[in-house]
Amino acid sequence: MENLSAAFLSLSREERSLLSAIESGMKTHQWVPSFVISEISGLPARKVDFLLGELFEKKLVERESLHYLGYRIDFDAYDLLALSDLVKKGALNAIGERIGVGKESVVYEAFGEMPLALKFHRQGRTSFKHVRRLRDHLSDKSKVPWLYAASLAARHEHQIMEKLCQKVSIPKPVALSRHVLAMEFVSGPSLNRISLSDPGDGLDLILEEVAAALRLGIIHADLSEFNIMVPESGPKIIDWPQAVEINHPHAQELLQRDLANVLSFFKRKYGIEMPVENALQRMGGSERI
Ligand SMILES: Nc1ncnc2c1ncn2[C@@H]1O[C@H](COP(=O)(O)OP(=O)(O)O)[C@@H](O)[C@H]1O
Ligand SMILES: [Mg+2]
């Protein structure tokens, strides 16, 4: 979306309730008929048809002519529904600039009681790798629609962060709606973008955080210099949707890969050599899984 906050502000209450009615209708219809939208929203049919026309113009709904006119919503509308929910929950009162476009997300700066980062998950849209992995968390493994995959990833990331945040240096998770996770804003560059004055100490601090997560039974599984932020207060690890528990069949391998990524970065950039086995020993974690 070109301008998220403008789109959000220009959405009327009725338009929002139609989007939300389509969202509900999509549980049972691939394309939701307008009479169903009218029933769910409680708005009269003619008003609904008019508003749907406007939402279509704004590209917030998609339309398909079957033997009836059916509607569905895409990420843009889900973004707005999640935002309005977060506002309603009191988690959020302003949206700022886009601060990151990652592999599988778009991140905005925002404000609530504290500065926030709003992470809009995009899993289903960008790759099916994580969708496959996320299926492990589903009881019904038959089908994962792409939008559902993004919500699932956000929920998983939120759960993991809730579990870790007391003992591991990560941004504090603040609220969740659908595929959008609000968390504490970390002000500082990522590890790849700075030059550490004491890289040996930096590496130790990072390994301590990996060990702290491991003590809680969690392995990041996508750790690299891009997912470690370095504010003044010391490293914070971000980007947890693919985290696994230590009883995962590939836990050992994933932990070793995480460590290898970090260690090869420190070797490349700072000439610090540490074999993965040494790092594991230092962390006292190898025998844990
Ligand atoms: N809590 C945060 N505070 C500040 N910036 C963040 C925060 N979380 C993410 N970002 C920014 O957004 C980018 C993408 O977020 P990330 O969680 O790594 O998702 P992805 O899976 O898309 O890589 C990060 O590289 C970082 O620049
Ligand atoms: Mg990332």
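FYI, the numbering just counts along the sequence from 1. Each ligand, and each atom within it, is numbered from 1 in the order the structure gives.
Remark: ligand 1 atoms within the under-4.0 Å shell around heavy atoms of Glu184 are 1 (N), 2 (C). For ligand 1 and Met229, the ligand atoms under 4.0 Å from any heavy atom of the residue are 4 (C), 5 (N). Annotation for ligand 1: atoms under 4.0 Å from non-hydrogen atoms of Lys119 are 16 (P), 17 (O), 19 (O), 21 (O). The Asn227 neighbourhood of ligand 1 comprises atoms 18 (O), with distances under 4.0 Å to a heavy atom of that residue. Taking every heavy atom of Met183 and a limit of under 4.0 angstrom, the matching atoms of ligand 1 come to 1 (N). Applying the 4.0 Å criterion to heavy atoms of Pro171 picks out, from ligand 1, the atoms 1 (N). Each of the following atoms of ligand 1 lies closer than 4.0 Å to a heavy atom of Gly102: 20 (P), 22 (O), 23 (O). Atoms of ligand 1 found under 4.0 Å from any heavy atom of Ala117, numbered from 1 in the order shown, are 1 (N), 2 (C), 3 (N), 7 (C).
By heavy-atom distance, the residue among Asp222, Ile237, Ile238, Asp239 lying nearest atom 9 (C) of ligand 1 is Ile238.
The side-chain heavy atoms of Ile22 and Met26, taken from C-beta on, include a pair separated by under 4.5 Å.
Ser105 OG, 2.7 Å is the protein heavy atom nearest to atom 22 (O) of ligand 1. From the protein, the heavy atom lying nearest to atom 27 (O) of ligand 1 is Ile99 O, 4.3 Å. In terms of protein heavy-atom proximity, atom 10 (N) of ligand 1 is closest to Val107 CG1, 3.9 Å. Nearest to atom 25 (O) of ligand 1 among the protein's heavy atoms is Phe226 O, 4.0 Å.
At a 4.0 Å cut-off, not a single heavy atom of Lys236 sits close enough to ligand 1 to count as contact.
Side chain to side chain, His121 and Glu157 meet the donor-acceptor criterion of an N or O pair below 3.5 Å. With no hydrogens or angles considered, no side-chain donor-acceptor pair links Ser224 and Asp222 at under 3.5 Å. The closest side-chain donor-acceptor pair between Asp239 and His220, if any, does not fall under 3.5 angstrom.
Between Leu164 atom CG and Lys172 atom NZ the span is 13.0 Å, to the nearest 0.5 Å.
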Practice item. Give the intermediate values and the outcome of ring-ring contact (aromatic ring centres under 6.0 Å, His included) for residues Phe75 and His179. Key: CA-CA 9 Å; Phe75 266 116; His179 62 304; 5.6 Å; yes
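Using a 4.0 Å cut-off between charged nitrogen and carboxylate oxygen, Arg122 and Glu104 do not count as a salt-bridge pair. Ion pairing between a basic and an acidic side chain is recognised when a charged N comes within 4.0 Å of a carboxylate O; Asp74 and Lys59 show no such pairing.
For the side-chain contact (heavy atoms from CB on, under 4.5 Å) with Leu118, the qualifying choice from Val106, Leu181, Leu83 is Leu83, the only one to do so.
The shortest N or O to N or O distance between Val186 and ligand 1 is under 3.5 Å.
Rounded to 10°, the angle that OD2 of Asp239 and OD1 of Asn227 form at the Mg ion (ligand 2) is 80°.
Nearest approach of Leu196 to Gly202, heavy atoms of both residues: CD1-CA, 4.3 Å.
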